[in-house]
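Beneath this line is the structure, given in structure tokens, with notes to follow.
Any value given below was found using the heavy atoms of this structure, including those in side chains, with hydrogens, waters and symmetry copies removed. Note that the numbering runs from 1 along the sequence shown for the chain. Please read all numbers here as calculations on a predicted model, not as lab measurements.
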Amino acid sequence: MLILIVDDNKLNRDIEAKILLKMGYDVITAESGLEALRLFNEKKPCAILLDCVMPDMSGYEVSEKIRQIESVNDLVRTPVIAVTGNDIDDNRELCIKAGMDDFISKPVDVLKLDAVLRKHIEIKKTLMQPLNIKALMISADDDKEWAKELFELFVSDTDIRVKEIEMSLEKDPDLELLTRNFHTIKSSAGSVGADIVAESAKQMEAFSREKDFDEVLKRMVDFKDEIQKVINFVKSG
């Protein structure tokens with residue numbers, strides 16, 4: 001999952017980026033409001049950490065413009081988290097008015113940042129369609145029968161790989177097996193348009209590479225639920 005950090009202070013960007021990378025997120029950074037808007041349009045991050053005070057454009061202005069872009073293009077709301085060195089109570093009304101979703105203080109508290117991001121990314125996931133039909137049809141060259149076969153192949157292969165992962169986690173976790181299977185699920189999910197599963201698999205792969213097997217085990221139930229939501233979505237259609 002990709003997080004956009006927006007702050008004119010390089011040290012702040014570097015500290016936040018290091019924290020997020022440790023959590024298993026991918027990170028891009030912007031040092032100005034204009035750069036932030038460009039990256040938002042190009043990269044479609046799953047959340048944004050936004051400094052409130054910047055020289056070219058305030059965080060409030062950036063947030064307002066992001067909400068305008070989402071409204072015009074009918075996009076799912078992207079969580080915008082205000083990162084402020086000022087008293088949050090003094091800024092709360094301005095943040096809400098600008099369309100921000102939450103607030104954290106500088107210096108950033110790791111546990112609070114983790115909790116805030118998880119909360120809002122989960123909210124965003126519930127607003128997204130489990131399957132991007134357009135992406136699936138592109139992969140299938142607009143052939144409905146081939147699209148159906150591709151999706152069935154994805155489901156059967158993913159089921160096998162999830163079972164292998166769970167067996168490994170129950171015993172002595174195999175780093176190579178876990179990273180290989182999560183990497184493959186990430187790739188195949190992306191190919192069939194299961195974007196949420198692909199992003200989750202990417203994060204699970206990152207935790208596996210870091211040998212944080214406790215975190216992988218803790219997130220397996222949610223990971224399997226996301227896969228099941230995609231299957232249920234297709235069945236209901």
Side-chain angles (χ1 to χ4, degrees), residues 1-5 17 19-28 43-49 75-79 81 101 113-136 139 150-170 173-236:
M1 294 182 181
L2 183 66
I3 309 292
L4 170 59
I5 298 170
I19 292 170
L20 291 171
L21 289 168
K22 279 272 194 181
M23 291 178 183
Y25 294 105
D26 291 323
V27 176
I28 50 174
K43 302 296 184 180
K44 300 297 185 292
C46 68
I48 301 169
L49 296 183
L75 300 175
V76 173
R77 184 183 178 96
T78 300
I81 315 301
D101 297 285
L113 176 60
D114 183 42
V116 167
L117 283 174
R118 286 202 198 193
K119 177 179 75 174
H120 290 288
I121 288 172
E122 284 304 314
I123 291 171
K124 183 176 182 180
K125 282 179 180 179
T126 63
L127 298 174
M128 293 175 68
Q129 293 278 27
L131 188 70
N132 184 337
I133 300 294
K134 184 177 179 180
L136 174 58
S139 294
L150 275 179
F151 184 77
E152 288 173 350
L153 284 169
F154 161 71
V155 171
S156 60
D157 182 70
T158 300
D159 183 59
I160 292 169
R161 293 184 183 281
V162 167
K163 286 175 180 174
E164 287 183 359
I165 290 166
E166 289 183 315
M167 286 179 63
S168 179
L169 290 171
E170 286 174 2
D174 184 323
L175 173 63
E176 183 181 349
L177 181 147
L178 292 175
T179 54
R180 182 181 68 247
N181 280 326
F182 281 125
H183 182 83
T184 301
I185 293 172
K186 174 187 70 178
S187 177
S188 57
S191 295
V192 300
D195 298 332
I196 294 175
V197 173
E199 285 290 346
S200 293
K202 187 175 184 178
Q203 195 167 13
M204 296 288 261
E205 180 187 358
F207 283 123
S208 298
R209 290 192 188 282
E210 291 290 326
K211 297 184 180 180
D212 193 350
F213 302 128
D214 288 341
E215 191 66 26
V216 174
L217 183 60
K218 186 168 69 175
R219 296 186 181 215
M220 275 304 295
V221 172
D222 289 339
F223 182 61
K224 289 169 66 178
D225 282 347
E226 287 169 359
I227 295 169
Q228 191 59 48
K229 284 177 185 175
V230 176
I231 296 170
N232 293 343
F233 178 77
V234 172
K235 284 181 179 179
S236 68

Taking the basic N atoms (NZ, or NE/NH1/NH2) and the acidic carboxylate oxygens, is any pair closer than 4.0 Å for D114 and R118? yes
Minimal heavy-atom distance between I185 and F223, with the atoms involved, is CG2-CZ, 3.9 Å
Heavy atoms of other groups near K44 NZ, more than 12 under 6.0 Å: yes
Quick check for you: to the nearest 0.5 Å, what is the distance between K22 atom NZ and D212 atom CG? 9.5 Å
So how far is it from L117 CG to L20 CG, rounded to the nearest 0.5 Å? 6.5 Å
Any chance you could lay out the salt bridge (charged side-chain N to carboxylate O under 4.0 Å, His left out) test for K163 and D159, step after step, and finish with the verdict? CA-CA 6 Å; K163 286 175 180 174; D159 183 59; 3.2 Å; yes
Nearest non-hydrogen partners of A135 and G193, listed with the distance: CB-CA, 3.9 Å
Check ion pair D225-K229 (N to O, under 4.0 angstrom): no
Derivation and outcome, side chain to side chain contact (heavy atoms under 4.5 Å, CB included), residues Q203 and R219: CA-CA 10 Å; Q203 195 167 13; R219 296 186 181 215; 3.2 Å; yes
CG/N232 to CG/L131 distance, rounded to the nearest 0.5 angstrom? 12.0 Å
All heavy atoms of I3 vs all of C46, minimum pair found to be CD1-SG, 3.7 Å
Output yes when a side-chain donor or acceptor of S168 lies under 3.5 Å from a complementary backbone atom of I165, and no otherwise. no
Which distance, rounded to the nearest 0.5 Å, do you find between the CD of E215 and the CE of M204? 8.5 Å
Just by distance, do the side chain of S191 and the backbone of S187 share a donor-acceptor pair under 3.5 Å? yes
Between S200 and E226, is there a side-chain donor-acceptor contact under 3.5 Å, judged purely by atom types and distance? yes
Quick check: do E199 and L2 have side-chain heavy atoms less than 4.5 Å from each other? no
First locate atom OG1 of T179, then atom CG of D174, and finally report the distance between them rounded to the nearest 0.5 Å. 8.0 Å
So, do D157 and T184 sit near enough that their side-chain heavy atoms are less than 4.5 Å apart? yes
What I want to find out is whether K202 reaches E205 closely enough, with some N-O distance under 4.0 Å, to be called a salt bridge. no
Closest non-hydrogen atom pair between G190 and A198, with its separation: N-CB, 3.8 Å
For side chain to side chain contact (heavy atoms under 4.5 Å, CB included), just list the numbers for L169 and V216, CA-CA rounded to whole Å, side-chain angles, deciding distance to a tenth of an Å, and then say yes or no. CA-CA 9 Å; L169 290 171; V216 174; 4.0 Å; yes
What closest approach, in Å, do V230 and P130 show between heavy atoms, and which atom pair accounts for it? CG2-O, 3.4 Å
Verdict with reasoning, V155 to F151, per side chain to side chain contact (heavy atoms under 4.5 Å, CB included): CA-CA 6 Å; V155 171; F151 184 77; 3.6 Å; yes
Find the distance between CD (Q228) and NZ (K224) and round it off to the nearest 0.5 Å. 9.5 Å
Mind running side chain to side chain contact (heavy atoms under 4.5 Å, CB included) on I28 and I5 for me, showing each step along the way? CA-CA 6 Å; I28 50 174; I5 298 170; over 6 Å; no
Answer whether the closest heavy-atom distance between the side chains of L150 and S139 falls below 4.5 Å. yes
Non-hydrogen side-chain atoms of K186 and H183 separated by less than 4.5 Å: yes
Minimum heavy-atom distance between F207 and M23, given as atom pair plus value: CZ-O, 2.6 Å
Has the side chain of S236 got a donor or acceptor atom that lies under 3.5 Å from a matching backbone atom of F233? yes
